[in-house]
Amino acid sequence: MSDVFETVIGLECHVELATESKMFCGCRNVFGAPPNTMVCPVCLGHPGTLPVPNEKAIEYTIKIGLALGCEIAPRSLFHRKNYFYPDMPKNFQISQYDLPLCVNGHLDLHLDGEPVRVGITRVHLEEDTGKTAHAGATGRIAEADYALEDYNRAGVPLVEVVSEPDMSTAEQARAYLIELRAILEALGVSDVRMEEGSLRCDANVSVRPRGHQDLGTKVEIKNLNSVRSLFRAIRYEEERQRRALGGDSGETLIQETRHWDENKGITTHGRSKEYAFDYRYFPEPDLAPIEPDAGWVERLRADIPELPAARRYRFEDQYGLDRRQASSVALSKAWADFFETAVSLGGDPSTVANWMAGDLAAHLNESGLALSDSKVSPKHLADLVRLLKEGAISSAGAKRALTDAFETGSAIEQIVEAKGLLQVSDAAAMEAIVEEVIAENPGPAEQFRKGKEGALNALVGQVMKKTRGAANPSLAGELLRKRLAE
């Protein structure tokens, strides 16, 4: 069935901007404050109050547009989007409708060496809503006894990045979200903490017969708050739609919103969208149009830092990394800075990249820590790589040293000495051990003499056992080979 149908995916990503204050008032923009403490008459929608736009939020939005290759509109408008819901104190949201700030951009991806360009329809600026907590076992409105409202988030600057439906796999959608998050982090416009809701994503998914131009029945999966959830939800949803179209499930597809259940690994019905909701958009009468002059836009363009794609290419050229290595260490500024500092302290670039993407990433994932919160520093990794290159420690010893450094923050050389991880690289000291191993293992020794190359590994293993892992395995192999050739 995978050859009969094809999937079409577009993403709408919502980004809370890291401004000091809210979009249209002076209330502080902070996460985690006690409920309803970051509010004022303006963001609570009291009669007679007037909005004042946040200039920094407009600048951040233009920067996002420039980083995504968008055209910056010479004139854009704020509109009122009218709908009634408890988390909107004004009963309308100030958003942008047909004249957004940024249009016609793109985001380039590379998957398995193949370039994929995803069009960006628009980047527009609006205000976020408050947060509703439904009291009940499931946290859903249908089963709730009552709801609690927290308006601290109401009025926080929110950017929506809308892609074209140019993606065809969950892998592409995942790569898009990862790259967009990295760009936003590099720009410094948001903390992009998906677990806190400062970056969340809606996925529009449809399936159609392969080769057809008309889109299939679109389903919108709402409020996905992790890269993993996005990937799993799209994989599930496209398979659900393929089964329905193939007649295997007996299900009829309708245009609807659906919610992702992380525990069950399924999407569930939200509300029907077969008929377009009339939001009665009209220009916000209390706000002037946004008309950024060319000089302002160019100053913002000049202020854009090195972006992840450019950083990857530089790492490949400057440090000789392959694409996989460059992607692993250049995706975020924190990782890139860590890598470059470790290299500047003498670490071999390729080896540093491999240890970061391998053992260090594994420790971080297991502990749930961010790199910045870890006790491991660039110096730890530079020293580890240097000792490995010198043959002072084995790969196994290096892994033990990194584990200890991650737990304690102690210096690598101090750990190596305290744990007895230094390798024996003195040929004279190892020759006696080699003689013992050959004498105690005549079978593998004779097999090697008769041409069985793999028998040497067994003998090297015995040397490592006798030295409790302290022997340099390369030197042990050389000495064994030389002695057995006599």
Side-chain angles (χ1 to χ4, degrees), residues 112-113 319-329 342 346-366 376 380-407 410 412-486:
D112 301 323
Y319 299 113
L321 304 182
D322 61 34
R323 174 156 290 176
R324 178 190 59 81
Q325 291 173 320
S327 296
S328 67
V329 297
D348 172 72
S350 181
T351 311
V352 168
N354 287 339
W355 277 87
M356 286 182 66
D359 288 67
L360 181 55
H363 282 302
L364 293 171
N365 289 336
E366 186 178 341
V376 172
H380 281 110
L381 212 54
D383 289 345
L384 189 81
V385 168
R386 174 178 55 79
L387 291 175
L388 262 175
K389 186 176 181 180
E390 293 171 353
I393 56 176
S394 65
S395 293
K399 287 177 179 289
R400 289 179 59 189
L402 182 62
T403 298
D404 199 287
F406 191 86
E407 294 172 352
S410 300
I412 291 294
E413 290 184 335
Q414 179 183 335
I415 293 169
V416 166
E417 184 176 350
K419 301 288 184 181
L421 300 178
L422 281 173
Q423 283 194 136
V424 177
S425 296
D426 183 344
M430 205 183 296
E431 283 176 351
I433 298 171
V434 165
E435 290 291 341
E436 288 179 21
V437 166
I438 292 174
E440 293 171 3
N441 297 271
E446 188 60 28
Q447 288 175 348
F448 178 76
R449 288 191 179 103
K450 289 181 178 180
K452 188 175 181 180
E453 190 71 22
L456 188 68
N457 293 333
L459 296 171
V460 170
Q462 290 302 311
V463 172
M464 300 303 293
K465 184 176 180 181
K466 277 186 171 291
T467 60
R468 296 182 180 178
N472 183 322
S474 297
L475 179 59
E478 290 175 15
L479 292 175
L480 283 163
R481 191 180 296 276
K482 181 179 177 182
R483 179 67 182 82
L484 292 169
E486 294 176 354

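Here the structure is a predicted model, which means the values were calculated and not measured. All values below come from the heavy atoms of this structure, side chains included, with hydrogens, waters and symmetry mates left out.
Side-chain contact between Leu360 and Trp355: absent, with no pair of heavy atoms (C-beta onward) separated by less than 4.5 Å. Taking the side chain as every heavy atom from C-beta outward, Leu384 and Leu381 approach each other to under 4.5 Å. A 4.5 Å side-chain heavy-atom check between His380 and Leu402 finds every atom pair outside the cut-off. The closest side-chain heavy-atom distance from Val329 to Val352 is not below 4.5 Å.
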message: Under the criterion side-chain contact (heavy atoms from CB on, under 4.5 Å), I'd like the reasoning laid out for Met356 against Leu364: C-alpha separation, chi angles, the key distance, then a yes or no.
response: CA-CA 10 Å; Met356 286 182 66; Leu364 293 171; over 6 Å; no
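Residues Ala405 and Ile412 come closest through the heavy atom pair CB-CD1, 4.0 Å. Between Val376 and Phe406, the shortest heavy-atom contact is CG2-CA, 3.6 Å. Nearest heavy-atom pair, Ala353 versus Leu321, reported as atom, atom and distance to 0.1 Å: CB-CD2, 4.1 Å. Closest non-hydrogen pair, Ala401 versus Val416, comes out as CB-CG2, 4.4 Å.
Residues satisfying the ring-ring contact (aromatic ring centres under 6.0 Å, His included) test with Tyr319, not counting sequence neighbours, are Phe315, Phe339. Residues forming a side-chain hydrogen bond (donor to acceptor under 3.5 Å, both in side chains) with Glu413 (at least two apart in sequence, or on another chain): Arg386. In this view, Asn441 and Val437, Pro444, Leu459, Gln462 satisfy the side-chain contact (heavy atoms from CB on, under 4.5 Å) rule, not counting sequence neighbours. Residues satisfying the side-chain contact (heavy atoms from CB on, under 4.5 Å) test with Ala357, not counting sequence neighbours, are Ser328. Listed by chain and residue number, Asp359 satisfy the salt bridge (Lys or Arg N to Asp or Glu O under 4.0 Å) test with Lys399 (two or more places apart in sequence, or in another chain). Lys389 is linked by a side-chain contact (heavy atoms from CB on, under 4.5 Å) to nothing, counting only residues two or more places apart in sequence or in another chain. With sequence neighbours left out, the salt bridge (Lys or Arg N to Asp or Glu O under 4.0 Å) criterion links Asp404 to Lys419. Listed by chain and number, the residues in a side-chain contact (heavy atoms from CB on, under 4.5 Å) with Glu436 are Glu440, Lys466 (sequence neighbours excluded).
The distance from atom CD of Glu435 to atom CD of Glu431, rounded to the nearest 0.5 Å, is 8.0 Å.
Glu390 contributes no side-chain N or O that, together with a main-chain N or O of Leu387, makes up a donor-acceptor pair within less than 3.5 Å.
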